[in-house]
A.B. asks: 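So that we are looking at the same thing, I have put the structure below in structure tokens.
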Amino acid sequence: MFDISTPTVYIPTIFLTIIAVFVSILYKDAKKNTHENTKNLPYYHEISMSMGYINRCILEDGRFQYRKNINSDITYDNTVYNSLRHAGTLYSMYVYEKYGLEKKYYEERVKSSKYFVERYVKKFGQNKYVVISVPEEEKIKFPIAKSGSAGVALCALSNLYKDGEIDLKVLQGLGEFILSLQNEDGNIYAYLDLKTKEIDKEAEAIFYPGEAAAGLVYLYEADPQQKWLDGAKKTLEYIAKTRKKLDFEIPFDHWSVLAMEKLIEKNLVSMEEKSLYESYAEQMAIPLLSKQITNVNNSYCGAFQDNIMPCSLGTYMEGLASIYFCTTSDALKKIIYKSLSIGCMFLSKVQVKTGEQAGGLPNSANWVKAGVTPNASVIRIDNVQHVVTGWLKFQKILALDVKEW
């Protein structure tokens, strides 16, 4: 499907030349460090440091310390918060367990999950549950329930059902809420106004439909009702078909390809659906890859021409790793492998390595440079969450028992 000779596919010639030079070297080097024991995989140390940071941010009641600073003398009162990002951090803790590492933070994850459910998950109507966004925490005018928050919450919490740590009715209620926001085309509206109890059909949030679809896929694993699977597929079809028209302006949406990856992995797609997902994933990857800085003599090698923010770079690594499993093209897999290699390496360089905030990822890769804005040295919990998930997903690829290309 991925044919670089066709005029509709755009990857600069220079970029491909650089790929050819570096892919085999990086791949062979990484394979030397690939063993069954994940402790011997690249980025194990970085992952451990960042998971330690996340764990240290869990307060006694289960709430995260949302912001910290490289300078430990600068503190924040923790009233600024975000329920969706709390759920995302819980998800990264689950991914840490899922990909064969330690369950050393499991009890803390359960504690923080229960805090999340108690504070942010509320019953709505007869059979729905919502994740609320608190106005004073998120600086909004009235309480709302985001479809994306419900989706990410399902990604984070559905796995706890088998352990008896969450009521299935809550998970099902979150799923029902998502389906209630889905229109006939498959799009999922951004949020419900909890004050008026009306859906806002004008607001747009580009990532919420993908987050919601991913949540339905995770819910289906815990509660295999056909409606969850059908709902997820309907939304993914809508995303793929409508965004295809955007050509190379297509947004990079790591949640949507995560949902597609899981459906392909579980053989829950038809040949037609698989082809659609593959085409969408490849279209999303190409413009992003063409912007990556690949010159090893550039201090920003691994970052992107218009982005050196670790938080969004982490989402790029997450999404590219999902695309790796959505495409059947060996050529694109090699390019993605190289991209992940240098992207994850760049993120390792900007991770805080020592001191009280060791394992943290600041807002900007330039945090070490003099004269940058004070905001560059702020560490948000979602910065760390996305980067550590990106490293973990790259480890999933490194751990594969694949032959040399």
Side-chain angles (χ1 to χ4, degrees), residues 51 54 64 82-99 105-106 109-110 112-117 120-121 129-131 133 145-163 165-168 170-179 181-182 188 190 205-225 228-229 231-233 235-236 239 253-266 268 311 314-315 317-319 321-322 325-326 381-382 384-390 392-393 396:
M51 288 306 304
I54 289 174
F64 290 107
N82 188 294
S83 56
L84 189 156
R85 290 170 179 169
H86 185 122
T89 307
L90 293 174
Y91 173 72
S92 69
M93 296 181 78
Y94 166 60
V95 174
Y96 177 66
E97 298 168 10
K98 180 181 178 182
Y99 291 155
Y105 303 123
Y106 176 79
R109 178 168 76 91
V110 170
S112 190
S113 297
K114 290 183 176 179
Y115 171 86
F116 175 82
V117 172
Y120 296 110
V121 179
Y129 280 84
V130 300
V131 177
S133 291
K146 303 173 185 174
S147 56
S149 297
V152 177
L154 284 171
C155 293
L157 301 174
S158 294
N159 61 88
L160 293 176
Y161 169 62
K162 68 179 186 302
D163 297 336
E165 299 291 355
I166 191 168
D167 191 336
L168 181 60
V170 173
L171 300 176
Q172 292 171 331
L174 290 171
E176 294 289 358
F177 171 67
I178 289 173
L179 293 183
L181 296 184
Q182 187 178 56
I188 294 178
I206 196 71
F207 302 118
Y208 288 4
E211 290 169 338
L216 290 174
V217 174
Y218 272 97
L219 174 58
Y220 180 75
E221 286 187 324
D223 179 41
Q225 293 191 57
W228 312 133
L229 181 61
K233 287 185 175 184
T235 294
L236 293 175
I239 291 172
D253 179 3
H254 69 286
W255 284 106
S256 61
V257 288
L258 166 66
M260 294 173 181
E261 174 196 359
K262 286 184 65 64
L263 291 176
I264 292 171
E265 180 182 36
K266 299 293 184 181
L268 294 172
C311 185
T315 67
M317 299 302 104
E318 291 180 74
S322 287
F325 291 103
C326 289
I381 195 71
D382 56 313
V384 186
Q385 173 251 306
H386 283 301
V387 173
V388 77
T389 307
L392 284 162
K393 294 204 69 173
K396 179 183 177 182

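What's counted below: heavy atoms across the whole structure, side chains too, no hydrogens, waters or symmetry copies. In this text the structure is predicted, and so the values were computed from the model without any measurement.
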A.B. asks: For Q182 versus T235, what's the shortest heavy-atom pair and its separation?
C.D. replies: NE2-OG1, 2.7 Å

A.B. asks: Restricting to non-hydrogen atoms, name the atom on L84 and the atom on G148 that form the minimum distance, rounded to 0.1 Å.
C.D. replies: CD1-C, 3.8 Å

A.B. asks: Does H254 reach the main-chain N or O of A321 with its side chain, forming a donor-acceptor pair under 3.5 Å?
C.D. replies: no

A.B. asks: Can you find a pair of side-chain heavy atoms, one from E97 and one from Y105, that are under 4.5 Å apart?
C.D. replies: no

A.B. asks: Under 4.5 Å between any side-chain heavy atoms of L171 and D223, yes or no?
C.D. replies: no

A.B. asks: Are side-chain heavy atoms of Y96 and R109 found at a separation under 4.5 Å?
C.D. replies: no

A.B. asks: Between atom NZ of K98 and atom CG of N159, what is the distance when rounded to the nearest 0.5 Å?
C.D. replies: 9.0 Å

A.B. asks: If we ignore angles and hydrogens, is there a donor and acceptor under 3.5 Å between the side chains of E261 and S322?
C.D. replies: yes

A.B. asks: For Y106, is the OH atom crowded, meaning more than 12 foreign heavy atoms sit under 6.0 Å from it?
C.D. replies: yes

A.B. asks: Just verifying a value: how many Å separate M260 CE and L236 CG, rounded to the nearest 0.5 Å?
C.D. replies: 4.5 Å

A.B. asks: OG of S133 to CG of N82: how many Å apart, nearest 0.5 Å?
C.D. replies: 6.5 Å

A.B. asks: Which pairs of donor and acceptor atoms, one on a side chain in residues 205-219, lie under 3.5 Å apart (sequence neighbours left out)?
C.D. replies:
unit_1	atom_1	unit_2	atom_2	d
E211	OE2	W255	NE1	3.4
Y218	OH	Y91	OH	3.1

A.B. asks: Is the closest side-chain heavy-atom distance between M51 and I54 below 4.5 Å?
C.D. replies: yes

A.B. asks: Identify the two heavy atoms, one from S147 and one from I188, that lie closest to each other, and give their separation to 0.1 Å.
C.D. replies: CB-CG2, 3.6 Å

A.B. asks: Carefully, step by step, assess L157 and V170 under the rule side chain to side chain contact (heavy atoms under 4.5 Å, CB included).
C.D. replies: CA-CA 10 Å; L157 301 174; V170 173; 5.9 Å; no

A.B. asks: Drop me the distance from I178's CD1 to S149's OG, to the nearest 0.5 angstrom.
C.D. replies: 10.0 Å

A.B. asks: Keeping K233 on the side-chain end and L268 on the backbone end, is there a donor-acceptor pair under 3.5 Å?
C.D. replies: yes

A.B. asks: Do V131 and F116 come close enough that some side-chain heavy atom pair is under 4.5 Å?
C.D. replies: yes

A.B. asks: Go through the steps to decide whether Q172 and W228 satisfy the test side chain to side chain contact (heavy atoms under 4.5 Å, CB included), and finish with yes or no.
C.D. replies: CA-CA 9 Å; Q172 292 171 331; W228 312 133; 4.2 Å; yes

A.B. asks: Would you sort out whether I166 and S113 count as a side chain to side chain contact (heavy atoms under 4.5 Å, CB included), showing the intermediate values?
C.D. replies: CA-CA 9 Å; I166 191 168; S113 297; over 6 Å; no

A.B. asks: Could you give me the CA-CA distance, side-chain angles and deciding distance for T89 and V384, then say whether side chain to side chain contact (heavy atoms under 4.5 Å, CB included) is met?
C.D. replies: CA-CA 8 Å; T89 307; V384 186; over 6 Å; no

A.B. asks: If you measure from CG on L90 to NZ on K114, what distance do you get to the nearest 0.5 Å?
C.D. replies: 13.0 Å

A.B. asks: Could you state the interatomic distance from OG1 (T389) to NE2 (H386), rounded to the nearest 0.5 Å?
C.D. replies: 7.5 Å

A.B. asks: Closest heavy-atom contact between V130 and A145?
C.D. replies: CB-CB, 3.6 Å

A.B. asks: Could you tell me whether K396 sits above the aromatic face of F325, with NZ or CZ closer than 6.0 angstrom to the six-membered ring centre and within 45 degrees of the axis?
C.D. replies: yes

A.B. asks: On a heavy-atom basis, which atom in D382 and which in C311 lie closest, and how many Å separate them?
C.D. replies: OD2-SG, 3.7 Å

A.B. asks: Is the closest side-chain donor-acceptor distance between S158 and E221 under 3.5 Å?
C.D. replies: no

